[in-house]
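Lettering of chains follows the sequences in order, A, B, ..., and the numbering in each one begins at 1.
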Amino acid sequence: MPQLKIIPELFLGNIRVRFAPSPTGYLHVGGLRTALYNYLFARKNRGQFILRIEDTDRNRFVEGAAENLIEALKWCGLQFDEGPDIGGTFGPYMQSQRLDIYQKYVQELISHGVAYYCFCSTQRLEALKEEQQKQKLLQAKYDKHCLALSKKEVEEKLANKDSFVIRLNVEPNHRIIFDDIVRGRVEFDSNNVDDQVLIKSDGYPTYHLANVVDDHLMQISHVIRGEEWLSSTPKHVLLYDSFKWKRPVFAHLPLLLNPDRSKLSKRQGDVAVEDYRTKGFLKEALVNFVALLGWNAGDDQEFYYMEELIEKFTLERVNKSGAVFDLEKLNWLNAEHLRKKSNEDILILLKQEIHHSQFSTLPAGRQVLNYSDSYLLQVIAAMKERVSFVKEYLTKSPYFFEPPKEFEETAVQKNWKPETPAQLKKLSNEFNLLVANPAKEDYEHALHKVAEELNVGKGKLIHPLRLAVSGMSTGPGVFDIVVILGKEETISRINKALEIIKTS
RNA sequence: GGCGCGUUCGUCUAGUGGUCCAGGACGCCGCCCUCUCAAGGCGGAGAUCACGGGUUCGACCCCCGUACGCGCUACCA
């Protein structure tokens with residue numbers, strides 16, 4: 001039989017996907033990528049994007065984790081259509097609130113012989129595992145010991161309140177086949193599939209049961225999740241088939257990797273979306289970057305806005321192999337996105353940055369530097385193509401926020417000659433003669449005039465001026481700096497530098 | 001160990017049998033622009049397409065095997 005090609009258009013209007021994280025802390029960038037692909041796929045096909053919290057492991061419960069997840073998702077711009085905080089027609093969206101549902105369905109499984117009670121102690125299970133390993137059995141799995149229990153025996157143990165789990169009864173000797181959009185056809189031998197626990201002894205379901213029941217009840221059309229789930233998909237497929245439910249379309253995404261190609265982990269860098277947010281990355285850049293880790297449109301475009309990603313995204317173009325999370329490209333994308341923003345948008349971000357910086361309060365007697373919007377807008381225009389992060393407006397050009405306290409040593413050696421002080425003094429006198437609010441050209445003409453009178457190249461004045469006024473040897477054109485600082489401040493800084501550098 | 005998935009420049013990737021002695025992007029190097037630094041433009045280095053067998057007139061592309069990597073192998077997701 002030829003492999004059925006899944007054409008998204010056929011599902012138009014019925015596309016429903018979900019991001020189903022377990023609330024164990026923060027939103028992992030790998031999780032973001034999974035959520036993003038789900039979101040893009042849903043938006044592209046006018047479907048719904050659902051958030052479901054898989055909190056069925058009480059041992060790993062972390063206070064506030066679900067809230068963090070939601071907050072991080074929203075920050076990234078991934079707005080879901082149904083979820084725990086906003087509700088929806090298929091709720092509740094927290095699995096811990098759906099326990100009775102799982103009970104109902106697992107009973108149905110039991111009545112059909114697809115699932116069974118198991119009263120084995122952990123000791124017996126451990127002993128069994130040990131024994132199987134000793135015998136070098138091909139694969140260790142449960143021996144179906146409790147499947148042999150009679151109905152009466154089961155009832156007695158249940159009445160006796162013996163501790164139990166409910167297991168999936170996997171029939172041996174057959175092939176389990178399913179199609180995956182990114183992997184193609186995948187086959188497993190049922191002999192390699194364990195009688196997985198469906199309901200734990202605490203009454204909570206395992207992921208395998210809960211995920212299948214919920215995806216069906218929530219009418220999920222496409223299960224788009226990480227590759228780590230590929231190996232347990234046969235269990236899920238068995239469940240769908242046993243219930244006689246339609247299987248969703250599966251798409252297992254490649255993993256995100258550390259630079260050494262191991263699974264992306266905290267030990268080798270930041271993995272939480274929150275980490276990148278506090279480091280000053282723009283959400284646009286993070287989303288753009290993560291989208292390209294495992295997917296591309298087939299053309300040469302690298303810079304994307306969310307809207308373009310939605311327009312171009314298809315699951316068929318998702319890669320099969322894992323991708324290293326490489327900061328270099330993220331940095332570049334951040335710079336690109338930052339530069340593409342309007343100065344007004346950057347102004348908002350810069351003001352937030354200043355608010356959290358050492359420059360949030362003006363030093364006394366420095367009123368000449370006011371952080372008015374128009375002033376900051378000039379700083380932005382001057383520095384825009386020189387920064388990759390908003391915070392660099394402060395770290396790369398601190399001189400726009402306070403007079404230089406130190407002067408770059410190497411620049412002093414290179415540009416501060418014995419004749420420099422006299423020349424700069426003359427320049428500052430010339431500046432002093434300028435009109436009240438000199439324009440860039442006024443400063444240029446003044447400097448040109450002084451250079452001619454001194455019979456020196458303009459560079460002999462420009463470099464010392466830059467140094468005097470900024471303390472640095474790099475940055476925007478000196479005349480741009482000087483115009484932004486203003487006449488008074490410029491002259492004051494020249495004089496101050498003359499004092500400091502002379503004495504050193 | 002078993003099962004599954006993967007393997008194109010350092011990294012992200014294009015490539016679906018001839019147009020590929022493999023294209024783009026990041027990073028790196030050089031040149032141009034220039035008062036500096038960026039940005040921008042131009043150019044360069046960088047991949048025996050993991051390896052070995054097939055199939056074919058012809059393979060990065062199809063098949064088989066090997067190696068390596070990763071995932072799963074829980075009453076975790």
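At least one side-chain nitrogen or oxygen of A:Asn319 sits closer than 4.0 Å to the OP1 or OP2 atom of B:U13. Listed pair A:Asn192 / B:G2 fails the phosphate criterion, with no side-chain N or O lying under 4.0 Å from OP1 or OP2. Taking side-chain N and O atoms only, A:Lys200 has a distance below 4.0 Å to OP1 or OP2 of B:A77. An OP1 or OP2 oxygen of B:A74 is reached within less than 4.0 angstrom by a side-chain nitrogen or oxygen of A:Lys129.
Pairing partner, B:G1: B:U73, with both Watson-Crick or wobble hydrogen-bond distances short of 3.5 Å.
A:Tyr102 and A:Asp214 share a donor-acceptor pair across their side chains, judged by distance under 3.5 Å alone. Of the N and O atoms on the side chains of A:Ser321 and A:Asn319, not one donor lies less than 3.5 Å from an acceptor on the other residue. Between the side chains of A:Arg225 and A:His252, a donor-acceptor pair is found at a separation under 3.5 Å.
Of the listed nucleotides (B:G10, B:A25, B:A77), B:G10 has the atom at the smallest distance from the side chain of A:Asp326. Side-chain proximity of A:Glu336 to the nucleotides B:A77, B:G40, B:G6 is greatest for B:G40. Picking from B:G27, B:G6, B:A74 the nucleotide with the shortest atom distance to the side chain of A:Gln196 gives B:A74. Which of B:U11, B:C35, B:C76 sits closest to the side chain of A:Arg466 comes down to B:C35. The A:Glu302 side chain lies nearest to B:G24 when the options are B:G24, B:U36, B:C3.
Counting only residues at least two apart or on different chains, the ring pair (Phe, Tyr, Trp, His ring centres under 6.0 Å) pairs with a member in residues 440-475 of chain A are A:Phe431-A:Tyr443.
Classification of A:Lys391 and A:Glu353 as a salt-bridged pair fails, no side-chain N sitting under 4.0 Å from a carboxylate O. Using a cut-off of 4.0 Å between Lys/Arg side-chain N and Asp/Glu carboxylate O, A:Lys340 and A:Asp345 are scored as not salt-bridged. Under the 4.0 Å criterion applied to side-chain N and carboxylate O atoms, A:Lys426 and A:Glu453 are assigned as salt-bridge partners.
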Write out a two-atom table: protein N or O, nucleotide N or O from nucleotides 62-70 of chain B, distance below 3.5 Å.
none

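Between the side chain of A:Lys329 and the base of B:C12, a donor-acceptor pair under 3.5 Å is found.
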